[in-house]
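Right, one structure below, let's go through it.
In this chain, numbering begins with 1 at the start of the sequence shown. Counting convention: from 1, in listed order, for ligands and their atoms alike. None of the values given here were measured: they were computed from a predicted structure.
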Amino acid sequence: MASINIERAHRLKRLPPYLFAEIDRMKAEVADSGMDIISLGIGDPDLPTPGHIIEELDVASRKLTNHQYPSYEGMPSYRKAVADWYGSRFGVALDPASEVISLIGSKEGIAHIPLAFVDPGDHVLVPDPAYPVYEIGTYFADGQVHFMPLTAENDFLPDLGAIPTDVAKNTKLMFINYPNNPTAACAEVGFYNELVEFARAYDIIVCSDNAYSEMAFDGYEPISFLNAEGAKDVGVEFHSCSKTYNMTGWRIASAVGNAEVLAGLGAIKTNVDSGVFGAVQEAGIKAMSADQTCVAEMRKMYQGRRDVVMEGLAKLGLQANTPKATFYVWVRCPEGFTSSEFTAHVLRNCGVVTTPGNGFGPSGEGYIRFALTVPEARLKEALERIEKAGF
Ligand SMILES: *Cc1c(COP(=O)(O)O)cnc(C)c1O
């Protein structure tokens, strides 16, 4: 018998077109042709989780208490470890009981937070280009996305003065992300102070995504949004073990900051999930509280890769700012190429997978993103192939 008529809900039909479909198809085609593929497409660390964290999981996974439902908001020891880490890393004081909750990866918290605060028609300010979850989480809550373009002229920071007053008045929530994916831009306290004032003026909840705070180079130390005066009055910050400790597969993160905002997010979460596996929380505690040598090594490794890519790009005459943080390089397309065209060119002719900038939002047009997720030798090879193919 034929199946029933299965129609997707409005919220799924509203999703923006998947701009990577054409690239995915082309990648399969190039792979089928037998060409060796170098993938600089996905922002996922290529090295394993440090051994001491895995060992902690091994021990913690055998404890009976961890076989039962975990506490929804995170076990007290996990929340305390996050608060202690914020204290020592950023000098930000947090009450573990009310100002920290656990998340099943920061993506989960980012996707859910609009459900707690956004009513149909409310505006959400979303950077453009950006990590796609800010926009999609807004759609799932039936909110209206207002893009804040990030341009080279403004150092890839949103121009708060350019947000129309009537939009700001109808805005419930805004997302920001520094160090930034995909542009690798960083923000300093002056910008965050301005942001707090703006949020106060219009009662906007600021959601800062700080996933890349530890992936920084040349001694640079990214700050937290919560370093701004009064930040805790207006918002929260998402942080994650994913990028810092090569733990993208583990799904452990946190949201910290304004207690009322976290309580709202928690009210959604207690009805959707039942928290993070206790053993994974214990591994997260270990990651944050143990000696941080593995993080220093991670920085050194990505800095070496970054230098290889920057040198290669300079030789090719391609323009990109030298990233102070993140494992992305945001490369301007050469004359005569759109983002899609240049991505297709390096894929077809060089077997190098990159991400077209317009896939992160309309203002990403004219750029492609390289992820530094393969060893130096492969990065060199990728750039040599691009040089040989020309453009
Ligand atoms: C990788 C990444 C994250 C981390 O996501 P998790 O769900 O914690 O793994 C968050 N935000 C941005 C912008 C990212 O690129």
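The pair R25-E22 counts as a salt bridge, with a side-chain nitrogen and a carboxylate oxygen less than 4.0 angstrom apart. A salt bridge between R306 and D218 is present, with a side-chain N of the basic residue lying under 4.0 Å from a carboxylate O of the acidic one. Checked for salt-bridge contact, E73 and K269 miss the test: no charged N lies under 4.0 Å from a carboxylate O.
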Original post:
Could you walk me through whether T183 and N180 pass the side-chain hydrogen bond (donor to acceptor under 3.5 Å, both in side chains) check?
Top reply: CA-CA 6 Å; T183 68; N180 183 257; 2.7 Å; yes
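Aromatic ring centroids of F391 and F342 lie under 6.0 Å apart.
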Show me the short polar-atom pairs for ligand 1: any N or O of it lying under 3.5 Å from a protein N or O, with distances only.
unit_1	atom_1	unit_2	atom_2	d
ligand 1	5 (O)	S106	OG	3.3
ligand 1	7 (O)	S106	N	3.1
ligand 1	7 (O)	K107	N	2.9
ligand 1	7 (O)	R251	NH2	2.6
ligand 1	8 (O)	S106	N	2.8
ligand 1	8 (O)	S106	OG	2.7
ligand 1	8 (O)	S240	OG	2.6
ligand 1	8 (O)	S242	OG	3.4
ligand 1	9 (O)	S242	OG	2.6
ligand 1	9 (O)	R251	NH1	2.9
ligand 1	11 (N)	D209	OD1	3.3
ligand 1	11 (N)	D209	OD2	2.6
ligand 1	15 (O)	N181	ND2	2.9
ligand 1	15 (O)	Y212	OH	2.6
ligand 1	15 (O)	K243	NZ	3.3

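By the 6.0 Å and 45° rule, K324 stacks over the aromatic ring of Y220.
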